[in-house]
Amino acid sequence: MSEPAIFVVIEQGQKRYYYDRWAHVYLFRNLTWGREALDTWLAQEAEGDEWSDDICGGAVIDHDRKRLVWNSDDGDFSVPRVASVLSQLLHAAWPGYEVEYAARGVTDLEIAAGQYETENGLIEEHTEDAIADRVENVREAAGIYEDEEDEEVEDEHEGDEEEDEAEDEQSFNDDEVRAWVTLVNEQGAVRHRHLNEIPQDMIRGKKSSIAQLLELSAAEVPPEAVVSEGIWFDFGRREIGYWGGARSRNTLAYLQQGWPEWSVRWADAGYCDQCGVSGPSGIEMSDAEALAKLVPKILSTKRIDLGAIFGAIGGQIKKTAVKAIGCLTVLLCAPVLLFGLIAGNLKAAATTIAIVVVAVIVVFKYIESRFKRKFTNGPIGKHAAHEDSSRSRASVAGPLDATQRRGRLDELLAAAGLPSLVAIEKHIDSDDAIGELL
């Protein structure tokens with residue numbers, strides 16, 4: 001369950017390898033502070049002997065070529081605007097370095113670290129992954145799969161057509177990240193669709209993908225904060241515009257090959273360009289809003305490991321349990337209060353309610369302590385304690401003092417031309433579950 005990362009430092013033609021079992025989670029918080037801070041942090045534990053394939057991602061810091069190539073769990077910056085401000089921040093922290101995100105993960109890290117020569121063709125072979133890891137067709141990208149189709153056919157025989165139509169529609173929560181597709185026909189009519197991602201059949205130019213898009217339910221212009229990539233088809237001009245993050249960049253060449261008779265271009269202004277094509281104005285994301293997704297992780301000095309993860313899960317379970325028990329307590333006490341009002345004896349009712357509340361709290365605390373004891377003394381708790389005691393490296397790179405860490409980050413933000421911490425923190429959700437984890 002760990003998230004191992006490798007750090008390869010290349011200097012004067014020599015390579016040094018470092019490992020961290022949990023650094024792939026929010027790896028960018030270790031890179032944000034620059035070369036000196038990262039070197040100091042890595043040197044706190046012994047070097048590895050060689051490259052390891054047992055990794056989720058990592059970073060290659062090539063001081064000879066002034067190049068930083070890195071990869072992390074990209075859930076935090078799957079939205080291009082968030083990835084863009086993070087790139088600005090890293091460029092400020094690594095002046096003079098080319099900073100590149102390894103969109104193909106370990107493959108790109110291997111190439112940057114020189115694990116195999118480019119002449120052997122492996123790079124070209126792995127480039128296909130830019131498409132191969134996507135879902136195959138539009139229906140799958142909309143969350144509709146073959147087994148669901150079979151169930152729908154059976155339901156139609158039962159005459160429940162309205163439910164079939166509801167199941168055939170993809171819906172997203174307000175804050176759920178998605179791909180945005182816009183279709184403009186020859187008469188200028190605009191239609192929008194939302195997908196989990198742009199699928200292979202659309203990238204390869206299969207006309208059936210457009211037909212499947214039109215079968216989906218209509219959608220509105222989404223806010224920029226929830227769009228991972230966007231594409232529009234202007235059938236009158238035979239033009240395709242495409243934009244997104246680093247992963248989408250790797251897909252562009254295949255899109256151009258799939259639609260050879262169309263003008264396929266990369267939309268540099270991304271979300272704004274697609275809004276211009278679609279007509280209605282969308283809701284743009286500010287730099288401060290984008291940074292609010294990252295700053296809590298960057299400022300955090302808490303260790304991310306098995307104990308922290310289970311602790312966070314336990315915290316969420318506790319919150320849910322407290323709410324449920326609170327509702328149950330209200331249901332138990334409401335009849336007592338009503339009886340007291342009818343009988344004219346509120347004092348006795350209040351005493352009974354107080355007894356019930358105290359009893360519930362005592363029972364809850366007892367059960368909570370039993371669960372905590374079981375976790376601490378169990379295999380997971382013992383493993384987490386052993387891992388923590390055997391580790392010599394600090395939890396994160398950069399200043400560990402909260403005041404110094406904030407001050408240094410404010411300096412980097414100013415150097416990158418980005419909003420200050422004060423402006424960013426107005427947009428941070430204090431109830432964010434990830435924030436509690438950190």
Side-chain angles (χ1 to χ4, degrees), residues 5-20 23-45 47-48 51 55-74 76-77 80-116 118 123 245-250 268 287 290-291 293-295 297-299 393-394 396-399 404-405 407-419:
I6 189 171
F7 295 83
V8 183
V9 180
I10 304 173
E11 192 168 12
Q12 297 181 356
Q14 301 298 313
K15 297 178 187 177
R16 303 196 307 273
Y17 300 93
Y18 299 94
Y19 300 92
D20 191 288
H24 189 245
V25 183
Y26 313 142
L27 184 139
F28 55 86
R29 69 176 181 163
N30 294 311
L31 303 177
T32 302
W33 313 100
R35 172 178 178 172
E36 184 177 343
L38 182 64
D39 284 347
T40 300
W41 180 68
L42 291 174
Q44 291 172 8
E45 286 190 7
E47 296 180 22
W51 178 273
I55 55 173
C56 297
V60 177
I61 307 96
D62 190 336
H63 296 307
D64 295 339
R65 299 174 61 191
K66 298 291 183 182
R67 187 167 181 245
L68 166 63
V69 180
W70 67 283
N71 172 270
S72 178
D73 182 352
D74 62 359
D76 293 296
F77 43 91
R81 186 61 175 272
V82 179
S84 176
V85 294
L86 177 57
S87 177
Q88 284 181 250
L89 189 59
L90 290 177
H91 275 91
W94 294 81
Y97 279 70
E98 176 190 351
V99 180
E100 177 185 338
Y101 182 72
R104 292 175 293 174
V106 174
T107 297
D108 284 343
L109 295 178
E110 286 181 310
I111 294 170
Q115 290 305 116
Y116 49 76
T118 58
I123 294 177
R247 179 177 181 238
S248 301
R249 278 280 190 185
N250 289 339
D268 292 319
D287 286 346
L291 285 163
K293 303 290 185 183
L294 304 170
V295 162
K297 288 87 172 175
I298 294 172
L299 287 178
R393 182 180 289 150
V396 290
Q404 293 179 7
R405 199 170 181 87
R408 176 59 181 150
L409 182 55
D410 245 337
E411 292 174 2
L412 289 169
L413 289 167
L418 294 169

Could you measure the distance from the [atom1] atom of [X] to the [atom2] atom of [Y]? Nearest 0.5 Å is fine.
X: Leu299; Y: Arg29; atom1: CG; atom2: CZ; result: 10.5 Å
X: Thr40; Y: Arg35; atom1: OG1; atom2: CZ; result: 11.0 Å
X: Leu291; Y: Lys293; atom1: CG; atom2: NZ; result: 11.5 Å
X: Arg408; Y: Leu413; atom1: CZ; atom2: CG; result: 10.5 Å
X: Asn250; Y: Arg104; atom1: CG; atom2: CZ; result: 6.0 Å
X: Asp20; Y: Leu42; atom1: CG; atom2: CG; result: 8.5 Å

Would you say the side chain of [Y] lies within less than 4.5 Å of the side chain of [X], judging by non-hydrogen atoms?
X: Leu89; Y: Ile298; answer: yes
X: Asn71; Y: His24; answer: yes
X: Glu110; Y: Val60; answer: no
X: Val8; Y: Gln115; answer: no

Restricting to non-hydrogen atoms, name the atom on [X] and the atom on [Y] that form the minimum distance, rounded to 0.1 Å.
X: Leu68; Y: Tyr97; result: N-CD2, 4.4 Å
X: Leu109; Y: Gly58; result: CD1-N, 3.4 Å
X: Trp94; Y: Ile61; result: CZ3-CG2, 3.8 Å
X: Ala93; Y: Leu31; result: CB-O, 4.2 Å
X: Arg405; Y: Ala397; result: NH1-O, 3.0 Å
X: Leu27; Y: Ala5; result: CD1-CB, 3.8 Å

Quick check: does any side chain N or O of [X] sit under 3.5 Å from a backbone N or O of [Y], one acting as donor and the other as acceptor?
X: Trp33; Y: Pro399; answer: no
X: Asn30; Y: Val396; answer: no
X: Ser87; Y: Ala83; answer: no
X: Trp51; Y: Ile6; answer: no
X: Lys15; Y: Ala113; answer: yes
X: Glu100; Y: Arg67; answer: no
X: Glu45; Y: Arg393; answer: yes

**Message:** One thing to verify: whether Arg65 and Glu98 come together as a salt bridge, which I'm taking to mean a side-chain N less than 4.0 angstrom from a carboxylate O.
**Reply:** no

**ring-ring contact (aromatic ring centres under 6.0 Å, His included) against Phe77, all qualifying residues, sequence neighbours excluded** = Phe28, Trp70, Tyr101

